[in-house]
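Data first, discussion second: the structure below is written as structure tokens.
All values derive from a computational prediction rather than experimental measurement. Basis for what follows: all heavy atoms, side chains included, without hydrogens, waters or symmetry-related copies.
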There are 2 protein chains.
Amino acid sequence: MTRDGEGGEGRRSTLRELKRGALELVVLQLLAPGEAYGYEIVSAVTARSRGALEITDGTLYPLLYRLEKAGFVATRWETPERGAPRKYYRLTPAGREELAMLGREWAAFSKAMGRLLRDQEGR
Amino acid sequence: MTRDGEGGEGRRSTLRELKRGALELVVLQLLAPGEAYGYEIVSAVTARSRGALEITDGTLYPLLYRLEKAGFVATRWETPERGAPRKYYRLTPAGREELAMLGREWAAFSKAMGRLLRDQEGR
DNA sequence: CGAGATACCTTGTCACGCAAGGTATATTTC
DNA sequence: GAAATATACCTTGCGTGACAAGGTATCTCG
């Protein structure tokens with residue numbers, strides 16, 4: 001996966017802002033089954049969200065750094081038999097708590113949004 | 001509703017970032033049944049989202065201004081019999097289109113998130 | 001006339017996604 | 001064995017937007 005670019009001059013991609021806050025939750029969820037390295041996470045985010053969420057490595061690495069600084073993930077370097085060295089990330093216990101909490105918050109939030117969008121009542 | 005403050009020194013309020021992107025959609029939805037004025041919208045957002053989304057007027061007014069500049073809402077001043085003058089906002093046809101589009105995007109996004117969070121598969 | 005309530009608006013700060021660059025290592029090709 | 005390519009990680013600069021904090025204008029009440 002190379003530099004993509006997307007063509008975008010000044011276009012606002014509507015819910016772009018919304019997707020921001022979801023990213024931390026998504027990354028933690030992706031790490032739940034086991035460890036993964038940076039580039040792997042970048043493509044997993046797009047794949048597992050079926051395109052609803054697309055990120056670049058320039059977005060991910062600062063986030064991973066914040067997560068590590070917050071104690072939610074721990075890292076490990078590994079040099080595979082072929083290819084460049086990889087930095088593997090895995091959840092810490094605090095990271096699993098954070099994941100659970102964000103999951104609950106997401107559920108509450110999306111439920112509230114669904115209700116609000118469904119109701120036709122005039123305030 | 002006065003200045004609230006929330007106590008927050010450096011605290012990260014978790015899904016705060018996520019709620020950003022939802023706000024435009026929520027405000028447009030609140031205006032769907034008819035016009036409303038600023039302060040009314042501020043309290044309606046909290047009430048209709050049942051606390052899942054809380055904003056201050058300092059957040060809303062810049063957003064309303066952006067929506068107006070984008071042609072999604074139109075305004076009208078009214079001086080009520082009692083109290084300070086109010087600026088009423090209503091959806092334009094373009095605003096209704098935007099609302100419909102954001103609603104579809106929200107549905108797709110929340111569906112993708114739900115699926116991602118539900119799946120336990122190891123990438 | 002003050003004090004308070006209602007309502008609107010602006011300024012400054014901070015967070016963060018993202019494009020665009022860069023570095024390091026390993027592999028392939030000539 | 002040097003250049004080219006691929007893989008992977010990291011950093012810088014910019015723009016956007018939520019929010020706190022402050023401000024202004026109008027009206028009501030004592």
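- Between A/A84 and A/P62, it is A/A84 whose nearest contact on DNA chain D lies nearer the 5' terminus.
- For A/P85, taking side-chain heavy atoms from C-beta onward, the closest of the listed nucleotides D/dC27, C/dA7, C/dT25 is C/dT25.
- Taking the side chain of B/Y61 as heavy atoms from C-beta on, and the options D/dA8, C/dC16, C/dA7, the nearest nucleotide is C/dA7.
- Distance from the side chain of A/W77 is smallest to D/dC9 among D/dC9, D/dT26, C/dG17.
- To the nearest 0.5 Å, atoms CD (B/E98) and CD (B/E105) are separated by 8.0 Å.
- Closest approach to the A/R66 side chain among C/dC8, C/dG17, D/dC19 is made by C/dG17 (side chain taken as heavy atoms from C-beta onward).
- Listed pair A/R86 / D/dT7 fails the phosphate criterion, with no side-chain N or O lying under 4.0 Å from OP1 or OP2.
- Between D/dC19, D/dT11, C/dC8, one nucleotide has an atom nearer to the side chain of B/Y39 than all others, and that is C/dC8.
- Between B/L64 and B/V27, some side-chain heavy-atom pair lies under the 4.5 Å cut-off.
- Within the 4.5 Å cutoff, the side chain of A/E68 has heavy atoms near those of the A/K87 side chain.
- Following rounding to the nearest Å, B/K87 (NZ) and C/dT6 (C1') show an atom-to-atom distance of 17 Å.
- Considering only heavy atoms from C-beta on, A/V26 stays 4.5 Å or farther from A/Q29 through its side chain.
- D/dT16 atom P lies 15 Å from atom CG of B/L63, rounded to whole Å.
- For A/R96, there are no side chain to side chain donor-acceptor pair (under 3.5 Å) partners two or more places apart in sequence or in a different chain.
- Both A/G58 and A/T79 sit near DNA chain C, but only A/G58 has its closest nucleotide nearer the 5' end.
- For residues 78-101 of chain A, every residue pair satisfying the ring pair (Phe, Tyr, Trp, His ring centres under 6.0 Å) rule, not counting sequence neighbours, is listed here: A/Y37-A/Y88.
- Taking CZ of A/R104 as the reference point, atom CG of A/L99 lies at 9.5 Å (rounded to 0.5 Å).
- Distance, B/Y89 OH to C/dA7 C1': 11 Å, rounded to whole Å.
- The residue A/Y88 sits apart from the nucleic acid: no heavy atom pair falls under 4.0 Å.
- Residue B/L64 contributes atom CG, which lies 12 Å from atom P of C/dT10 at whole-angstrom precision.
- The shortest distance between the side-chain N/O atoms of B/T56 and the OP1/OP2 oxygens of D/dC19 is not below 4.0 Å.
- Considering only side-chain N and O atoms, A/Y37 lies under 4.0 angstrom from the phosphate OP1 or OP2 of D/dA8.
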Could you run down the sub-3.5 Å N/O contacts of the protein with nucleotides 27-29 of chain C?
from, atom 1, to, atom 2, distance (Å)
C/dT27, OP1, A/E81, O, 3.2

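- Checked against D/dA18, C/dA7, C/dG17, the side chain of B/T59 finds its nearest nucleotide in D/dA18.
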